[in-house]
A.B. asks: 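Attaching a single structure in structure tokens format; questions to follow.
Here is how names work: the chains are called A, B, and so on, in the same order as the sequence lines, proteins then strands, and each is numbered from 1.
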Amino acid sequence: MKKYEPAKIRDKWQKIWEETGAHKAKEAKNRPKFYCLDMFPYPSGAGLHVGHWRGYVLSDVIARYQKLHGKSILHPMGYDAFGLPAENAAIKSNRHPKEFTLKAIERFREQLKQIGAMYDWSREINSSEPQYYKWTQWIFLQLYNAGLAYRKKAPVNWCGSCQTGLANEQVVGGECERCQTKVTKKELTQWFFKITKYAEKLLNNLTKLDWPERTKILQTNWIGKSEGALLKFKVDQTDLEIEVFTTRIDTLFGSTFMVLAPENKVVQAITHPKYIDEVQNYIEKTKNESDVYREKEHRKKTGVFTGAYAINPINSKKIPIWISDYVLMGYGTGAVMCVPGHDKRDFDFAKKFNLEITQVISPNGKKDENILPYLDNGVLINSGKYNGLKSAVAKNTMIKDLNSVNSAEFQTNFRLRDWLISRQRYWGAPIPIVYCDMCGEVPVDEKDLPVLLPENIEFKPKGDSPLKQSKEFVNTKCPKCGTKAMRETDTMDTFVDSSWYFLRFTDPQNLHELSSSKNINTWMPVDLYIGGIEHATMHLLYARFISMALHDLKILGFDKDGEPFKKLFNIGLIYLHGAKMSKSKGNVINPDELVEKYSSDALRGYEMFVGPNDQDSEWQVSGIVGIYRFLEKVWQYSLSTEFKNSTSRENLSIINFTIKKVTQDIENFRINTAIASLMSAFNHLDNKISKKDYGLIIQILSPIFPHIAEEIWQELGNHKSVFESYWPVSDKSKVILDNINLAVQVNGKLKDIILVTNNIDEESAKNAALTEKVKSAINNKNIYNIIYIPGKIINFVLK
RNA sequence: GCCCGGGUGGCGGAAUGGUAGACGCGAUGGACUUAAAAUCCAUUGAGGAUAAAACCUCAUGCGAGUUCGAGUCUCGCCUCGGGCACCA
């Protein structure tokens, strides 16, 4: 008998798959399509570890399973190759980012191939190549022409170490997502994508998506919709008005002061001459503070009085106007009506500066200032004609009343900010814009794309875009008037590259279009998208935005609402010794060695067996041994069994039961229990089996263990690939259910287990259940009820 | 502070409200071997009881509740992990 030599088998079948083009995505002719996508990796120098494998194996299991259901599969792979890490690593190792990246990609490709996944390598993409980023730039132009890309001077999150601006999404806990440097504020003229225009749609569409609930919640919170009112407060003794946003108009009678953000331009106009020095000092001071400090928790309230007063529109009361850094310029109007009785922050501020605190909401309609600040809704008091109304009612009434005198309107605010895409770094796609003295800001002509990233350049960061140093790059002609012009020297955030790559996979070699509409319509949307939850508020939000925008611009029309990812699955992280696996922590397990020692199939199996795929799991160093032993067992059984003409009843029962279980488990992405039931099947199979029936078991283990399955399938006398076969259907009638174990309980406690026939009637079951053990447990007491669940339990309930 | 997700043997983990611990790792004992590895067989939640069994009790983070019956449902806590956070 042949020895189980997994490396030989792997090499043999990977070669066959490649030579026969088994994994080439073929056009769907009367076959449903299935687009199965992994989040394309950033090719780091460190290579893959077993944590990366997990998602790739799962997607491949599903892709192969779908293939066995007759679908045409698009299962591509590529590299998110632009970006800061490559640039930083390149600087460190004193190589060009391009050279560094290409080398890393080579290694990644080699490692990825070991998985034996059904990737269509002819569609591989690399986001740092001109033929790719040409279309990144093209998308920029489409957004620009549609008014969805714009430039403005704004304080941006600045990472002093990476020497670049960052999007809000890339600031984690006040630190740079990449290098953990404290992020500071810097005024720069930057490019933005108007993602806020899609805030409502991005939010509403979530309900239609088959995504994990927690991911949807993350996006919902990130978008941060809040509904309330925009109120106008007149500034006393002036013609000025200040608008404020509030969700608690019901507390308006309790608004005893107003606070403006120090950056609010109206501050200059209203400040009383007497207070000007103090106010200017405060503004200067806060300007230099970093956002980190400003947003620090438990921070003591600071602020100064402007000397001006506002008129509360509901009761015409004069209230003092202060400035304080706890009011943010970027949200609402940069001005807040302060209700110290019913807001924690306003309460702290009022206490510190001795401002009036009035209770206007009460849980029971009675005054009790000891409960302040009282933050819940309740019943209005001290609120004139609104007294006695519940908060919800008062909100509607008051807003309508004030609206009739033009002092209020309904308004919705979002926490989501526009997406800052400018990066003052080298390794990214140049922004296709030129600046001309005559015409100003001019987009590059589409026919002149791509704007090539110059290669011969000093790319070390100096706080300014490295591209500025390249005269050949900077100096150009204006596309409009032909006179001298200068190119934009910032590059695009790499999240722009990754926000559309799934579209390119549908037609990766197309030189004339991003993708032909035929190809887009054939393959989009992505049927299954697998990746980590860390992208919930970044990539997954950006990609949805770009898809929707292109869809609305009628540029790409693949789905009713432009949603790119129908189903999302968040793969759990792999932990080792209780910590997330990562190179920097030094707790990385290299898949290469495991593949070498135990085979690709065994590692695939263990990746799936380590735990439920949507949960983080601890890697057990010796866990893979169990899978390897199982594969040995399968091999032994397959090659040592003398196949018969027919199959024993018991085996048929096992086979059909297992088909059902494995099918259900794969459908639910529970590959761990699918493997468990396959193991269990082999623990119980006897030798009376036909080739044909045994083949069914090989078919159902093939998505997880494709190499060994192909080999055995061939040994069984099949001439075509197992993946050209069709997934078997469980024959329920073959599952033996003659005798079943019936649990016998007394008062809900297990006392005995009896073997009864499946179709036993209730009366006989009851009689059979009264065994000696059960009788002694009943102990002659009165039986007051008997619960009988056929096939499961019988419970004698005693008085 | 608010919003998610976890907590089950020595370990990873199974369990449509119905026999808790499937499947696997590890461990212990045995077989094979000159020996080891590999492989195979057996045992393996804790405690008590017994010559050995039968058997008994306790066990799914803690405490209540619903139910004939709760790891699973409800309420209140503890704890670990993640997200947001002066967002008006």
A.B. asks: Quick one: label A:Asn741 by what it contacts on the DNA or RNA (base, sugar-phosphate, nothing), any heavy atom closer than 4.0 Å.
C.D. replies: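 Base, at least one base atom sits under 4.0 Å.
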A.B. asks: Checking contacts here: which listed nucleotide (B:A88, B:C23, B:A14) is nearest the side-chain heavy atoms of A:Phe609?
C.D. replies: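 Looking only at heavy atoms from C-beta outward on A:Phe609, the closest nucleotide is B:C23.
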A.B. asks: What's the closest nucleotide to the A:Ser622 side chain, out of B:U19, B:C23, B:G26?
C.D. replies: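 Out of B:U19, B:C23, B:G26, the nucleotide with an atom closest to A:Ser622's side chain is B:G26.
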A.B. asks: Does the ring of A:Tyr788 carry A:Lys766 above it, NZ/CZ under 6.0 angstrom from centre and within 45° of its axis?
C.D. replies: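 No, a cation-pi geometry is absent between A:Lys766 and A:Tyr788.
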A.B. asks: Under the 3.5 Å rule, do the base of B:C86 and the side chain of A:Lys301 count as making a donor-acceptor pair?
C.D. replies: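 Donor-acceptor pair under 3.5 Å: yes.
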A.B. asks: Could you please name the option among B:G18, B:C4, B:G12 that lies closest to any side-chain atom of A:Gln620?
C.D. replies: B:G12
A.B. asks: A:Leu231 and side chain to side chain contact (heavy atoms under 4.5 Å, CB included): which single residue from A:Ile242, A:Asn312, A:Leu252, A:Ile314 fits?
C.D. replies: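 When side chain to side chain contact (heavy atoms under 4.5 Å, CB included) is applied between A:Leu231 and each of A:Ile242, A:Asn312, A:Leu252, A:Ile314, only A:Leu252 qualifies.
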A.B. asks: What is the nucleic acid contact for A:Val336, judged by heavy atoms within less than 4.0 Å: base, sugar-phosphate only, or nothing?
C.D. replies: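 Answer is base: heavy atoms of A:Val336 come under 4.0 Å of a base.
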A.B. asks: In whole angstrom, give the distance that lies between atom CD of A:Glu213 and atom P of B:G5.
C.D. replies: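 Rounded to the whole Å, the gap is 9 Å.
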A.B. asks: How would you label the contact of A:Asp348 with the nucleic acid (heavy atoms, under 4.0 Å): base, sugar-phosphate, or nothing?
C.D. replies: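 Result for A:Asp348 = nothing.
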A.B. asks: Considering only side-chain heavy atoms of A:Leu328, which listed nucleotide, B:C4, B:C68, B:A88, is closest?
C.D. replies: B:A88
A.B. asks: How close or far is atom P of B:G26 from atom CD1 of A:Ile624, stated in whole angstroms?
C.D. replies: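 After rounding, the gap between these two atoms is 12 Å.
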A.B. asks: May I ask you to verify if any side-chain N or O of A:Arg670 is less than 4.0 angstrom from the OP1 or OP2 atom of B:G13?
C.D. replies: no
A.B. asks: Figure out the CZ/P separation between A:Arg629 and B:U39, and round it to whole Å.
C.D. replies: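 It is 5 Å, rounded to the nearest whole Å.
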A.B. asks: A:Lys749 has a side chain; which of B:C58, B:U19, B:A14 sits nearest to it?
C.D. replies: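 Closest of the options to the side chain of A:Lys749: B:C58.
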A.B. asks: Which part of the nucleic acid does A:Val610 contact within heavy-atom distance under 4.0 Å: base, sugar-phosphate only, or nothing?
C.D. replies: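 Answer is sugar-phosphate: A:Val610 comes under 4.0 Å of backbone atoms only.
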A.B. asks: Tell me the partner of B:C68, counting only Watson-Crick (N1-N3 plus N6-O4 or O6-N4) or G-U wobble (N1-O2 and O6-N3) with both under 3.5 Å; none if nothing fits.
C.D. replies: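 Its partner is B:G18 (Watson-Crick or G-U wobble, both distances under 3.5 Å).
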A.B. asks: Does B:U19 have OP1 or OP2 under 4.0 Å away from a side-chain N or O of A:Lys792?
C.D. replies: no
A.B. asks: Can you tell me the base-pairing partner of B:C2? Count Watson-Crick or G-U wobble geometry only, both distances below 3.5 Å, and say none if there is no partner.
C.D. replies: B:G83
A.B. asks: Checking base pairs now: Watson-Crick or wobble, both atom distances under 3.5 Å. What partners B:C62?
C.D. replies: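 Because both required distances fall under 3.5 Å, B:C62 counts as paired with B:G76.
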A.B. asks: Side chains of A:Asp418 and A:Thr196 only: does a donor on one sit below 3.5 Å from an acceptor on the other?
C.D. replies: yes
A.B. asks: Would you indicate what A:Ile217 reaches in the nucleic acid, counting non-hydrogen atoms under 4.0 angstrom: base, sugar-phosphate, or nothing?
C.D. replies: sugar-phosphate
A.B. asks: Counting side-chain heavy atoms from C-beta on, which of B:C23, B:G13, B:C86 comes nearest to A:Ser617?
C.D. replies: B:G13
A.B. asks: Where the side chain of A:Ser653 meets the backbone of A:Ile736, is there a donor-acceptor pair that is under 3.5 Å apart?
C.D. replies: yes
A.B. asks: Take atom NZ in A:Lys225; do more than 12 heavy atoms of anything else shown fall under 6.0 Å from it?
C.D. replies: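 Buried by this count: over 12 neighbours within 6.0 Å.
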A.B. asks: Should B:C55 form a Watson-Crick or G-U wobble pair with both distances under 3.5 Å, which nucleotide is its partner?
C.D. replies: B:G48
A.B. asks: Name the closest nucleotide to the A:Tyr575 side chain, picking from B:C23, B:A88, B:G81.
C.D. replies: B:G81
A.B. asks: Would you mind telling me which of B:G83, B:A88, B:C68 lies closest to the side-chain atoms of A:Asn795?
C.D. replies: B:C68
A.B. asks: I want to verify a distance call: between B:A88, B:U57, B:G18, whose nearest atom is closest to the A:Lys751 side chain?
C.D. replies: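 Among B:A88, B:U57, B:G18, the one nearest the side chain of A:Lys751 is B:U57.
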A.B. asks: Classify A:Asp346 by what it touches in the nucleic acid, base, sugar-phosphate, or nothing, heavy-atom distance under 4.0 Å.
C.D. replies: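 Since no nucleic acid heavy atom lies under 4.0 Å of A:Asp346, the category is nothing.
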A.B. asks: Taking the six-membered ring of A:Trp222 (Phe, Tyr or Trp), confirm whether the NZ or CZ of A:Arg544 is under 6.0 Å from its centre and within 45° of its axis.
C.D. replies: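 Output no; distance or angle outside limits.
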A.B. asks: Mind calculating the distance between CZ (A:Arg415) and C1' (B:C3) to the nearest angstrom?
C.D. replies: 12 Å
A.B. asks: Can you tell me the base-pairing partner of B:G24? Count Watson-Crick or G-U wobble geometry only, both distances below 3.5 Å, and say none if there is no partner.
C.D. replies: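 Pairing partner, where one exists within any strand: B:C11.
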A.B. asks: Counting only side-chain nitrogens and oxygens, does A:Tyr784 get under 4.0 Å of the OP1 or OP2 atom of B:C68?
C.D. replies: no
A.B. asks: Tell me: CG of A:Leu576 to P of B:G12, nearest whole Å?
C.D. replies: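 These atoms are roughly 12 Å apart.
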A.B. asks: Check whether any side-chain N or O of A:Arg604 sits under 3.5 Å from a backbone N or O of A:Phe705 as a donor-acceptor pair, and report yes or no.
C.D. replies: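 Judged by distance alone, no pair lies under 3.5 Å.
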A.B. asks: Which part of the nucleic acid does A:Ile789 contact within heavy-atom distance under 4.0 Å: base, sugar-phosphate only, or nothing?
C.D. replies: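 A:Ile789: base contact, heavy atoms under 4.0 Å.
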